[in-house]
Amino acid sequence: QVQLVESGGGLVQPGGSMRLSCATSGFRFDDYVIGWFRQAPGKEREGISCIESYDDRTYYADSMKGRFTISRDNAKNMVYLQMINLKPEDTAVYYCATDRNLALEACDTAYPERLWDYWGQGTQVTVSP
C-alpha cells in the first residue's frame with residue numbers, strides 16, 4: 001500500500017525558509033517519479049518540482065525556479081522541498097505525489113490530482129508577518 005506523509009509545514013514570516021519532508025512507503029522508491037505540488041485557497045493545484053527516480057533529474061515549473069529545491073534520499077525513502085525567501089503568496093497546502101508511469105514533465109500539468117496516482121494528505125504552509 002503506497003503511503004506518502006508530508007511534514008514540516010507551519011507558519012513562517014515573509015523572507016523566511018522552510019524545508020518540507022515527504023516520507024514514503026509501500027512501493028519501490030527508486031522506480032517512481034515523485035513531485036511536490038501546492039494548492040492555495042480558491043486556486044487550482046499546481047506543480048512545483050519533480051524528481052526522477054533513477055538518476056535524480058529534476059523539473060521545476062517556470063514560476064517555481066530559483067526559490068524551491070527538490071531532493072530525495074533513496075536510502076531513507078524521503079523526498080524534500082527546500083523553500084527560501086518565502087512570500088505570502090506561497091501560502092498553500094503542499095502535497096507530495098508519486099506515480100510509476102509518468103515522465104518528469106507531468107509535474108507541470110493542469111489538474112495534477114487527476115493524473116498522479118498517489119498523494120499525501122498535505123501540509124499547510126502559511127507565510128505571514
Side-chain angles (χ1 to χ4, degrees):
Q1 180 181 357
V2 175
Q3 288 192 323
L4 306 169
V5 180
E6 303 93 338
S7 62
L11 176 65
V12 63
Q13 292 187 342
S17 301
M18 182 176 281
R19 189 177 82 154
L20 304 181
S21 300
C22 176
T24 76
S25 62
F27 62 100
R28 186 181 169 93
F29 186 71
D30 54 1
D31 275 354
Y32 287 59
V33 63
I34 293 181
W36 283 98
F37 301 80
R38 71 183 185 184
Q39 188 163 15
K43 294 189 176 181
E44 299 296 335
R45 194 168 299 188
E46 61 179 346
I48 301 171
S49 180
C50 295
I51 187 164
E52 186 57 87
S53 57
Y54 52 87
D55 61 4
D56 283 350
R57 284 184 301 122
T58 57
Y59 179 95
Y60 292 87
D62 285 343
S63 61
M64 307 297 178
K65 292 177 180 177
R67 297 189 298 117
F68 298 88
T69 303
I70 193 171
S71 62
R72 63 191 291 160
D73 184 336
N74 285 3
K76 296 180 179 179
N77 291 356
M78 297 287 294
V79 181
Y80 306 99
L81 183 70
Q82 179 69 47
M83 308 183 290
I84 64 172
N85 192 22
L86 285 162
K87 305 174 182 181
E89 51 264 40
D90 294 318
T91 295
V93 178
Y94 284 70
Y95 299 90
C96 62
T98 190
D99 193 287
R100 186 172 187 178
N101 300 309
L102 295 177
L104 275 180
E105 291 70 22
C107 196
D108 194 7
T109 183
Y111 307 107
E113 64 272 26
R114 300 178 184 177
L115 184 64
W116 290 71
D117 279 345
Y118 303 102
W119 292 83
Q121 82 289 348
T123 186
Q124 175 71 46
V125 173
T126 302
V127 185
S128 179

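The chain is numbered in sequence order, starting from 1.
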Less than 4.5 Å apart, any side-chain heavy atom of Met64 and any of Trp36?
no
Is there side-chain contact between Leu102 and Tyr32, with heavy atoms separated by less than 4.5 Å?
no
Are the side chains of Met83 and Asp90 in contact, using a 4.5 Å heavy-atom criterion?
no
So do Val12 and Ser17 actually touch side chain to side chain, heavy atoms under 4.5 Å?
no
Between Phe37 and Leu104, is there a shared hydrophobic cluster once you connect ILVMFWY residues whose side-chain heavy atoms come closer than 4.5 Å?
yes
Looking only at heavy atoms, what is the nearest atom pair of Tyr111 and Glu44, with distance?
CE2-OE1, 3.2 Å
Is there a side-chain contact between Leu4 and Tyr95, using heavy atoms and a 4.5 Å cut-off?
no
Between CD1 of Ile34 and OG1 of Thr98, what distance do you get to the nearest 0.5 Å?
4.0 Å
Gln124 (side chain) donor-acceptor with Gly9 (main chain) under 3.5 angstrom
no
Report the C-alpha separation of Thr69 and Tyr60 in whole Å, then their side-chain angles, then the decisive distance to 0.1 Å, and conclude whether the side-chain contact (heavy atoms from CB on, under 4.5 Å) test is met.
CA-CA 9 Å; Thr69 303; Tyr60 292 87; 3.8 Å; yes
Which heavy-atom pair separates Thr123 from Leu20 by the least distance, and what is that distance?
CG2-CD2, 4.1 Å
Does Gln13 CD have over 12 foreign heavy atoms under 6.0 Å away?
no
Here the gap from Ile48 atom CD1 to Arg38 atom CZ, rounded to the nearest 0.5 Å, amounts to 5.5 Å
Tell me, do Phe27 and Asn77 make a side-chain contact under 4.5 Å, heavy atoms counted?
no
Backbone of Leu11 reached by a side-chain donor or acceptor of Thr126 within 3.5 Å
no
How long is the straight-line distance from CZ of Arg72 back to OG1 of Thr58, given to the nearest 0.5 Å?
11.5 Å
For Gln82, side chain to side chain donor-acceptor pair (under 3.5 Å) partners two or more places apart
none
Just checking, Arg45 and Trp119: is the charged tip under 6.0 Å from the six-membered ring centre and within 45° of the axis?
yes
So which heavy atom on Gly47 is nearest to which on Ala61, and how close?
O-CB, 3.5 Å
In short, Cys107 meets Tyr59 closest at the heavy-atom pair CB-CD2, 3.6 Å
List in chain and number order the residues that pass salt bridge (Lys or Arg N to Asp or Glu O under 4.0 Å) with Arg100, two or more places apart in sequence or in another chain; answer none if no residue qualifies.
Asp31
Distance from Met18 atom CE to Leu81 atom CG, nearest 0.5 Å?
11.0 Å
Phe68 vs Ser49, test: side-chain contact (heavy atoms from CB on, under 4.5 Å). Steps then yes/no.
CA-CA 8 Å; Phe68 298 88; Ser49 180; 5.6 Å; no
Could you tell me whether a side-chain N or O of Glu6 sits under 3.5 Å from a main-chain N or O of Gly122, the two making a donor and an acceptor?
yes
Do side-chain atoms of Gln121 reach the backbone of Val5 as a donor and acceptor pair under 3.5 angstrom?
no
With the side chain counted from C-beta on, respond yes when Tyr118 and Thr24 share a heavy-atom pair under 4.5 Å apart, and no when they do not.
no
Which heavy-atom pair separates Val127 from Thr91 by the least distance, and what is that distance?
N-OG1, 2.9 Å
Kindly give the heavy-atom pair with the smallest separation between Phe29 and Asp73, and that separation in Å.
CE2-O, 3.8 Å
Measure the spacing between CH2 of Trp116 and CG of Asp99 and express it to the nearest 0.5 Å.
6.5 Å
Side chain to side chain contact (heavy atoms under 4.5 Å, CB included) against Asn85, all qualifying residues, sequence neighbours excluded
Arg67, Lys87
Report yes if some heavy atom in the side chain of Pro129 is under 4.5 Å from a heavy atom in the side chain of Pro14; otherwise report no.
yes
Can you tell me how far SG of Cys22 sits from CE of Met78, rounded to the nearest 0.5 angstrom?
7.0 Å
